Amino acid sequence: MILAAVGVLSLSSCKNTDKQGVITDDVHQATIDSMKQVAEKQRIIDSMQIVSQNTQKQKEVVVVHDQAPVAAAPAPRRKKWSGAAKGAVIGAGVGAVTGAVISKKKGEGAIIGGLAGAGVGAGVGAVLDDKKK
């Protein structure tokens, strides 16, 4: 492809003709020489690509173990919530809903109910934790 383009360009760009309009041997030789140069450059590029591929293959390392595969360590168990923490969250939710329903000022009742519920829930959860131990 490249050779054809170089050949066409060299033939069309510099036509040395003698007086009768015939292309001289110098033009033919120049075209042949330029085509040889392009072919040599392409050969060098191809050989460099082959060398590059060979070095990449050499870099690949295969490791073989003679031992039986070791089972992966189990993932560390997640810490569970304590009874006090569960009680506080549940109590806060129930207290907030109850306070909002009972109070005339919905926002203020929800806040007060949530705080009171969280306190009572944390207390109950702590007592249950102590009983389990």
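Only a predicted model underlies this, so the values are computations on that prediction, with no experimental measurement involved. In this chain, residues are counted from 1 in sequence order.
For the residue pair Q37 / D33, no side-chain donor-acceptor distance below 3.5 Å is found, with atom types taken as modelled.
When the options V51, I50, I45, I44 are evaluated for a side chain to side chain contact (heavy atoms under 4.5 Å, CB included) with M48, the one that passes is I44. The side chain to side chain contact (heavy atoms under 4.5 Å, CB included) with M35 is formed by just one residue from the set V38, I32, T31; it is T31.
Nearest heavy-atom pair, D129 versus A84, reported as atom, atom and distance to 0.1 Å: OD2-N, 3.3 Å.
In this structure R77 satisfies the salt bridge (charged side-chain N to carboxylate O under 4.0 Å, His left out) test with no other residue, sequence neighbours excluded.
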What donor-acceptor contacts under 3.5 angstrom involve side-chain atoms of residues 106-118, with partners at least two apart or in another chain?
{"residue": "K106", "atom": "NZ", "partner": "A100", "partner atom": "O", "Å": "3.3"}
{"residue": "K106", "atom": "NZ", "partner": "S103", "partner atom": "O", "Å": "3.2"}

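Atoms CG and NZ, from D46 and K41 in turn, are 14.0 Å apart once rounded to the nearest 0.5 Å.
For T98 (side chain) and V94 (main-chain N/O), a donor-acceptor pair under 3.5 Å exists by modelled atom type.
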